[in-house]
Protein chains: 4
Amino acid sequence: MPESPRTRTSARIQDAAWEIFSERGLPGVTMEAIAIRAGVAKTTVYRRWPTKSAILIDALKERLAPLVKFPQEGTVRDDVVAQIEAVIDLFGSRTGRAYLALIAESVHDPDVGTALRERYIADQREAAILRLRIGIDHGELASRTDPEILIDSLYGALYYRVLVAHVPLDRAYATRLVDSIWPVA
Amino acid sequence: MPESPRTRTSARIQDAAWEIFSERGLPGVTMEAIAIRAGVAKTTVYRRWPTKSAILIDALKERLAPLVKFPQEGTVRDDVVAQIEAVIDLFGSRTGRAYLALIAESVHDPDVGTALRERYIADQREAAILRLRIGIDHGELASRTDPEILIDSLYGALYYRVLVAHVPLDRAYATRLVDSIWPVA
Amino acid sequence: MPESPRTRTSARIQDAAWEIFSERGLPGVTMEAIAIRAGVAKTTVYRRWPTKSAILIDALKERLAPLVKFPQEGTVRDDVVAQIEAVIDLFGSRTGRAYLALIAESVHDPDVGTALRERYIADQREAAILRLRIGIDHGELASRTDPEILIDSLYGALYYRVLVAHVPLDRAYATRLVDSIWPVA
Amino acid sequence: MPESPRTRTSARIQDAAWEIFSERGLPGVTMEAIAIRAGVAKTTVYRRWPTKSAILIDALKERLAPLVKFPQEGTVRDDVVAQIEAVIDLFGSRTGRAYLALIAESVHDPDVGTALRERYIADQREAAILRLRIGIDHGELASRTDPEILIDSLYGALYYRVLVAHVPLDRAYATRLVDSIWPVA
DNA sequence: CATTAATCGAGACGGTACGTCAGGTCTTTCT
DNA sequence: AGAAAGACCTGACGTACCGTCTCGATTAATG
């Protein structure tokens with residue numbers, strides 16, 4: 001791990017962006033404020049990232065692990081419940097709020113959408129679908145199950161409650177959700 | 001219908017906002033641009049709406065009917081499929097894009113969220129849940145069905161594909177979706 | 001004289017520009033610094049003047065009187081000497097330095113040149129030539145005298161010493177100069 | 001003439017500066033642009049000249065000969081007219097414009113003024129004054145003639161028309177000028 | 001001949017200023 | 001009096017150059 005000055009500067013910028021987001025939300029995150037907080041010239045920021053969103057997307061790299069990883073430890077059903085609980089936890093955290101703010105941003109800015117999908121969402125979907133397929137192969141799920149749609153429904157319900165309906169979302173919801181729409185084998 | 005000058009001005013402002021949205025998307029919609037396009041002073045706009053989002057929300061009033069109404073013409077299942085198809089159609093239209101853009105905006109601006117929910121989303125959820133309850137009462141749906149969660153899953157899947165996963169969404173998806181997660185009676 | 005707020009703001013901007021020029025010279029005069037010093041938004045400055053030079057040109061309006069006026073009190077020769085002394089005095093003053101700095105600026109910026117000529121230089125030349133013509137009519141100057149060229153030589157010598165040769169220029173020079181090239185009647 | 005790589009690089013830089021000046025004027029000449037055009041690192045430029053003006057001053061070395069040389073071939077009067085014509089020609093050329101641009105620059109930057117005077121202007125004045133003195137010695141000019149002031153007036157008129165009054169200046173002006181202010185012997 | 005020293009290119013860096021845009025507020029003007 | 005018009009301050013935008021700096025990669029001269 002070389003810890004070059006370049007690396008350090010990039011880290012300072014990402015940290016600054018993250019701090020400002022924590023304090024003032026996405027609208028408060030401006031290139032100007034990031035540069036000042038990081039003790040860096042504005043040009044230096046622009047030299048490395050084209051937009052504030054890009055900085056935050058990078059800053060989320062490690063923190064978004066729970067979104068992407070998918071447990072494979074028990075039955076499919078248990079694993080799915082566990083994963084949904086993890087996502088619910090995430091959505092309740094500051095990291096989750098940042099992630100959701102960027103999702104919102106992606107509606108206006110295609111680049112943000114592309115970056116998010118390439119970095120997190122695509123992997124997440126793949127991991128989830130893969131887990132379901134294994135479940136089907138093991139006979140835990142009906143063979144006629146459409147994994148893609150099951151994922152849409154499960155994750156969709158979460159995003160929907162948080163982004164659209166603004167309805168409370170707690171860990172207990174995970175079981176209720178899975179119980180409700182689980183395809184009987 | 002009085003058609004007072006005040007009414008006319010408000011209409012001009014809403015039309016201007018809508019036109020600009022159509023041409024340049026939500027980021028292009030600024031109070032400044034609206035005022036110019038409507039041929040009106042910026043103060044006049046501010047006197048009637050606090051934000052550009054508020055203008056658009058009002059401008060959507062009539063156009064968002066398909067989101068809110070829920071058919072009650074055939075079996076629950078048929079009605080649900082029909083409604084989902086209507087929403088998919090909406091999401092493909094300019095009106096739908098405006099609506100989704102406002103959903104995104106609501107992540108940063110609580111007022112937008114509140115307005116959207118009070119005006120459209122709450123009614124939509126209620127109408128949907130009501131329809132499902134009738135279905136349960138008629139024995140078309142298992143009595144243990146949780147209507148709220150079913151709605152979360154159905155609508156959620158749509159929003160998820162459009163807002164998050166950016167995956168194609170066509171009318172055919174409606175049947176696939178309902179087939180997949182429909183609770184057997 | 002209404003002393004409207006608009007007038008006051010403009011005065012504050014001009015004063016600020018002038019102060020900064022006095023302290024740091026023309027390169028130190030930036031739109032940014034003017035706005036700050038005047039306690040005014042940068043946009044307000046831009047709304048009224050397109051460039052810093054334009055502000056200074058306006059700020060010189062009253063101060064540049066000695067450049068433009070031409071005495072008509074004694075003989076032509078005495079009046080010419082008096083006027084040249086006035087210009088020499090001017091060149092030694094802060095106002096003169098500002099004026100010369102703008103002359104220099106005009107080499108790069110045609111607008112500055114045009115403004116300076118329309119406001120000051122043209123009038124100055126006219127007044128001078130007029131005075132000489134009167135002298136010719138009164139028989140104080142040879143009838144074959146070319147007033148334009150005489151003015152070029154007299155004023156030219158001053159500008160040349162100050163701008164080009166950087167050679168000392170004091171009041172005594174006025175007499176020496178006139179004595180040297182005065183066309184005998 | 002060794003034509004070392006060092007020499008070649010310096011030449012490339014000067015050429016680049018000159019080309020850019022020709023295309024975009026002095027404001028377009030930036031250290032950055034020079035370095036790029038010369039295919040050289042910015043550091044290399046800075047290592048050899050402190051400012052862009054210094055580069056241009058050096059680049060003018062050979063081209064400014066007509067400003068400095070003074071003919072001594074006919075009568076003083078003829079030589080003076082010839083020299084003034086040469087300067088008028090120069091002022092009409094690209095080289096002249098560069099020279100005048102640097103004169104203007106010298107108002108803000110003392111170093112430029114010093115360099116110009118040490119390299120060109122002082123020599124020019126000396127040569128001119130010398131020529132006049134010879135004329136006085138030969139009885140071609142009145143002994144009471146003040147050569148310095150005569151030079152101020154003659155050259156001054158030219159600079160004045162070009163820099164200040166922005167009045168046309170052609171070869172014919174040379175004779176008119178000399179005829180007007182020539183001190184009768 | 002090998003090593004040292006100088007010089008080069010490349011380009012990142014902290015800065016300053018640019019000129020513009022939009023946000024909201026506040027004053028003036030008119031009806 | 002009450003609405004419309006538009007000037008105003010604020011703050012962020014993204015860009016251009018500034019002059020300094022570190023970093024290897026070449027060259028050149030020296031030991």
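Per chain, numbering begins at 1; letters A, B, ... match sequence-line order.
Here A:Ala115 pairs with A:Ile57 under the side chain to side chain contact (heavy atoms under 4.5 Å, CB included) rule; sequence neighbours left out.
In the interface, the side chain of A:Thr9 is not paired with the base of E:dA12 through any donor and acceptor atom under 3.5 Å apart. Residue side chain B:Arg47 does not reach the base of F:dA3 through any donor-acceptor N/O pair under 3.5 Å, judged by distance alone. Side-chain atoms of A:Thr43 stay outside donor-acceptor range of the base of F:dG14, with no qualifying N/O pair under 3.5 Å. Judged by distance alone, with hydrogens and angles left aside, C:Lys42 brings a side-chain donor or acceptor within reach of the base of E:dG19, the pair sitting under 3.5 Å.
When distances are taken from the side chain of B:Lys52 to each of F:dC13, E:dG14, E:dG23, the shortest belongs to E:dG23.
In this structure, A:Tyr46 places its OH atom 3 Å from P of F:dG14, rounding to the nearest Å. Between the P atom of F:dC9 and the CD atom of C:Glu32 lies a distance of 15 Å, rounded to the nearest Å. For the pair B:Arg48 CZ and F:dG2 C1', the computed distance is 12 Å after rounding to whole Å. F:dG11 atom C1' lies 14 Å from atom CD1 of A:Ile20, rounded to whole Å. At whole-Å resolution of the value, CZ in C:Arg12 and P in F:dC8 are 11 Å apart. Summarising the geometry, the separation between CD1 on D:Ile36 and C1' on E:dG11 is reported as 11 Å, rounded to the nearest angstrom.
Taking 4.0 Å as the cut-off between side-chain N and carboxylate O, C:Arg37 and C:Asp15 do not count as a salt-bridged pair.
Sorted by first and then second residue, the ring-ring contact (aromatic ring centres under 6.0 Å, His included) pairs with a member in residues 15-57 of chain A read A:Trp18-A:Phe21; sequence neighbours excluded.
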